[in-house]
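First up is the structure itself, then whatever we jot down about it.
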Amino acid sequence: MTGILNGLNEQQTKSVTYSEGPLLVLAGPGAGKTTVLTRRIAFILNQSEGEHFKVLALTFTNKASREMKDRVKELVGDEVKRVFVGTFHGFSHELIRSYGSYIGISQDFVIYDKPEDYMSLLLDGVRRRLNEELREVAEQTVLSLKYKGNLRLIEESIPKYYYAISRLKNRLIFHDQLNRNEEKYSEEFRIIYEIYDRELRNASVLDFPDLILYANKLLEEKPFIADQLRTVYKHVLIDEGQDTNKAQFELITRICGENFQNLFAVADEDQLIFEWNDARFEYLVSLVEKYHAETIQLYESYRCPNDILVAANQLIKHNRIRIQSKGDLLPKAGKSEQSITVNAFDDQNEEALFVCNKIQELNEFTSTCVISRNRYILERVSERLDSLSVPHYSPMGQRRFNTREMNLLIDLLRLVFNENDQVHFHDVCKYWDLDYESIVDILNGSSLLENLVSVSGKGTIPAPVLEILDRFRNSKRDFWPYYEHLKGIIIGEEVEDEDLIEDIESFEETYKHYTYERPTNERSLGDFLNFISLSPKKDLKKKGVALLTGHAAKGLEFEYVFLISMNQGIFPDYRAKEGTRALEEERRNCFVAVTRTKKKLYISFTRIKDTRFGQRPHEPSQFLMEMGLI
């Protein structure tokens, strides 16, 4: 017990040991949120040693859940087996894997890893529907009226539809619940949502919003499962409670039911920056009201110097959407030095020159980051750092695997699991330069994989690969030896490419985690593929300075932070009007950016901006005035 409470301040200790019902812990930047959450889990396990109930802890990122579980294990050892620490999506996957048959979902469903895969599935479905309309075999001709003969327009529209559908699922709206009389949703959109739903079901695929959508459906239609969950999980803990959207909020309340006494949530509404994902302050308030939760605030920040906290406190007080009883963040003793520098430059080129020269002068690359509101602003800094040979990286567009060979191996595993997986079959054909359409045209009742094996024997796929795939089809449960055979043929025994070595190590490390998490009798190829999709992406090789947007910087901290182009219309964004929720979210985004700093914060803005009408004066951000910096 001493180790669990060791080093905690008074408010943290009170939170960890609280025993009087539901609790909301308000934890601002650097206040020890993760420490309190993991110590709370360890405290519960320690207090109940020898009992059989479990603890459920839900967070938002795979990286956070892995870190939390590791910390708990350090404190309680094998007792960590009594806790499920995972994301909302990961827990929903476990629910559907175990109980999905009650609502008609096969245990053999699969989750794709990339949004592009889902978009490809949707695109194929829209193309088929268009062909039906053009052949006059469809009841309506809505899509052909808009897209006839314009393939490029279809392809450009697919991402828009995909993300719009995802937002509806986050609000627990199925395709058949769209109101036909509601002008907000066109007939074209309703048809495309229906096509997407059908394509997913035909391929036995769930997308990420589906996981929480169907978990809610399951608990709503089969309440005995929720009753069983409450018997197993006597304590429920929520990380980043401010970021819950409707689907996540409803999942929490369905798991807990009425009058649940052991709900523990850690949140900071001042760091709510995901309203685009339907996260709402109101859901956090509703959670507190529903369960009559008490509130404890962690006041002391262990990260930021005093003047940064003063500026951040002044800034966030301009927001109306926050808990009114909340007090200011207080600095840890000894952090009172002057830490903020504000600079004005003529234009962004001059700004980038100063920033990069200063970074070179500091010579602390791995503990430095540059934050901007938008990605494009970072491009000048990236180019300048390149010219100075200063290493830097950006997490934007991060992929799970970076090499063609490893992505091919995953595609082959997916194709063996689902022999008619058109999305990954297409990728396999592309890798070996095969004619996708010609193989599809001669199916004659055979699967895509069967045709690939028989038709491409004369093509460019190595014969040993075809032989293994043919054997693999009939032995999908014991999949690891087949993976190793395929890897030996496609990659070879001697690997020199660093990216490929890193991909292989990442994949095989994921398999080790899988075998640790799953008993032998529960392992299968499909489940492993889903485990990959729900696992953290590998950490980037952090080679130097981090170039981040405000959203990407959340949860991180650095010795030196450069917050650039703090101009009106950039940060805050020009679309965020005074008095709107959008402006309040922009302000929270700025609050997050400022409080990433452990030592020095360099803020800059420009006096001039280039427009298509020539150069124009550029006003500094109102946030600089609200912080009392200019």
Requested in this report: Take K554 and E240 through the salt bridge (charged side-chain N to carboxylate O under 4.0 Å, His left out) test and state the conclusion after the steps.
Outcome: CA-CA 11 Å; K554 189 170 184 286; E240 303 282 12; 3.3 Å; yes
Report task. State which residues pass ring pair (Phe, Tyr, Trp, His ring centres under 6.0 Å) with Y291; sequence neighbours excluded, sorted by chain then number. Result -> none
Report task. Establish, from distance only, whether the side-chain atoms of D117 and H424 form a donor-acceptor pair under 3.5 Å. Result -> yes
**Report entry** Check: L8 and V16 side chains under 4.5 Å, non-hydrogen atoms
**Finding:** yes
Query raised in the report: Partners of P223 by side chain to side chain contact (heavy atoms under 4.5 Å, CB included), sequence neighbours excluded?
Result: none
**Report entry** Set of residues satisfying ring pair (Phe, Tyr, Trp, His ring centres under 6.0 Å) with respect to F189, sequence neighbours excluded
**Finding:** Y185
Query - Lys/Arg-Asp/Glu bridge criterion (N-O < 4.0 Å) met for D328, K317 - result: yes
**Report entry** Enclosure of E282 CD (heavy-atom neighbours >12, cutoff 6.0 Å)
**Finding:** yes
Please report, to 0.1 Å, the donor-acceptor pairs under 3.5 Å made by any side chain of residues 93-103, with sequence neighbours excluded.
residue	atom	partner	partner atom	Å
H93	NE2	N530	ND2	3.4
E94	OE1	R97	NH2	3.2
E94	OE2	R518	NH1	3.4
E94	OE2	R518	NH2	2.7
R97	NH2	E522	OE1	3.3
S98	OG	E94	O	3.1
Y99	OH	Q228	NE2	3.2

Query raised in the report: Do side-chain atoms of R400 reach the backbone of I532 as a donor and acceptor pair under 3.5 angstrom?
Result: yes
Query raised in the report: Does any non-hydrogen side-chain atom of K114 lie less than 4.5 Å from one of S533?
Result: no
Query - N/O donor-acceptor pair under 3.5 Å between H292 side chain and V288 backbone - result: no
Query raised in the report: Any chance the side chains of E10 and Q12 put a donor and an acceptor closer than 3.5 Å?
Result: no
Query - Residue pairs passing the salt bridge (charged side-chain N to carboxylate O under 4.0 Å, His left out) test where at least one lies in residues 264-276, sequence neighbours excluded - result: D268-K326, E269-K326, D270-R322, D270-K326, E275-R581, E275-R588
Requested in this report: Taking side chain to side chain contact (heavy atoms under 4.5 Å, CB included) as the test, write out the residues that go with V76, two or more places apart.
Outcome: A42, L45, V72, E79, V80
Report summary line: Minimal heavy-atom distance between P572 and Q622, with the atoms involved, is CG-OE1, 4.0 Å
Query raised in the report: So do the side chains of L229 and F91 get within less than 4.5 Å of each other, counting heavy atoms only?
Result: yes
**Report entry** Pair listing, side chain to side chain donor-acceptor pair (under 3.5 Å) test, anchored in residues 255-266, at least two apart
**Finding:** E258-K290
Requested in this report: Give me the ring orientation class for Y214 and F174: parallel if the planes are under 30° apart, tilted from 30 to 60°, perpendicular past 60°.
Outcome: perpendicular
Report task. Taking ring pair (Phe, Tyr, Trp, His ring centres under 6.0 Å) as the test, write out the residues that go with F623, two or more places apart. Result -> none
Requested in this report: Can you see which heavy atom on L298 is nearest to which on A31, and at what distance?
Outcome: CD1-O, 3.6 Å
Query raised in the report: What ring pair (Phe, Tyr, Trp, His ring centres under 6.0 Å) pairs are there with at least one residue in residues 238-259, not counting sequence neighbours?
Result: F249-Y283
Query raised in the report: Hey, is K217 close enough to E220 for a salt bridge, meaning N to O under 4.0 Å?
Result: no
Query - Backbone of T549 reached by a side-chain donor or acceptor of N374 within 3.5 Å - result: no
Report task. Tell me, yes or no, whether the heavy-atom count around K69 atom NZ, taken from other residues, nucleotides or ligands under 6.0 Å, exceeds 12. Result -> yes
Requested in this report: Inspect the contact between K246 and D278 and indicate whether a charged nitrogen and a carboxylate oxygen are less than 4.0 angstrom apart.
Outcome: no
Report task. Kindly indicate, with the supporting measurements, whether the criterion salt bridge (charged side-chain N to carboxylate O under 4.0 Å, His left out) is fulfilled by E557 and K598. Result -> CA-CA 7 Å; E557 59 183 25; K598 294 171 69 176; 3.7 Å; yes
Query raised in the report: Just by distance, with hydrogens left out, do R82 and S48 show a side-chain donor and acceptor under 3.5 Å apart?
Result: yes
Query raised in the report: Within the side chain of D108, is there an N or O that forms a donor-acceptor pair under 3.5 Å with the backbone of G526?
Result: no
Requested in this report: Kindly indicate, with the supporting measurements, whether the criterion ring pair (Phe, Tyr, Trp, His ring centres under 6.0 Å) is fulfilled by F507 and F528.
Outcome: CA-CA 11 Å; F507 179 83; F528 176 56; 5.6 Å; yes
**Report entry** Any donor-acceptor N or O pair under 3.5 Å, side chains N216, R254
**Finding:** yes
Requested in this report: Could you tell me which residues satisfy ring pair (Phe, Tyr, Trp, His ring centres under 6.0 Å) with Y299, sequence neighbours excluded, listed by chain and number?
Outcome: none
Query - Y514 and D527 side chains, donor-acceptor separation under 3.5 Å - result: yes
Report task. Look at D207 together with K169 and state whether they make a salt bridge at an N to O cut-off of under 4.0 Å. Result -> yes
Query raised in the report: Any side-chain heavy-atom pair from D243 and F88 closer than 4.5 angstrom?
Result: no
Report task. Using the test side chain to side chain contact (heavy atoms under 4.5 Å, CB included), find all partners of H175 that sit at least two apart in sequence or belong to another chain. Result -> Y193, E194, D197
Query raised in the report: What is the distance from atom CG of N245 to atom CG of N170, rounded to the nearest 0.5 Å?
Result: 4.5 Å
Report task. Work out which heavy atom in F591 is nearest to a heavy atom in T595; give both atom names and the distance. Result -> O-OG1, 2.8 Å
Ignoring hydrogens and angles, write down the donor-acceptor pairs under 3.5 Å from the side chains of residues 51-58, residues two or more places apart or on other chains.
none

Query raised in the report: Does any donor atom in the side chain of R40 or H235 lie under 3.5 Å from an acceptor atom in the other side chain?
Result: no
**Report entry** Test item: side-chain donor near acceptor, Y302 and E300, under 3.5 Å
**Finding:** yes
**Report entry** Heavy atoms from other residues, nucleotides or ligands near CG of D78 exceed 12 (cutoff 6.0 Å)
**Finding:** no
Query raised in the report: Where does the angle between the aromatic ring planes of Y196 and Y118 fall among parallel (under 30°), tilted (30 to 60°) and perpendicular (over 60°)?
Result: perpendicular
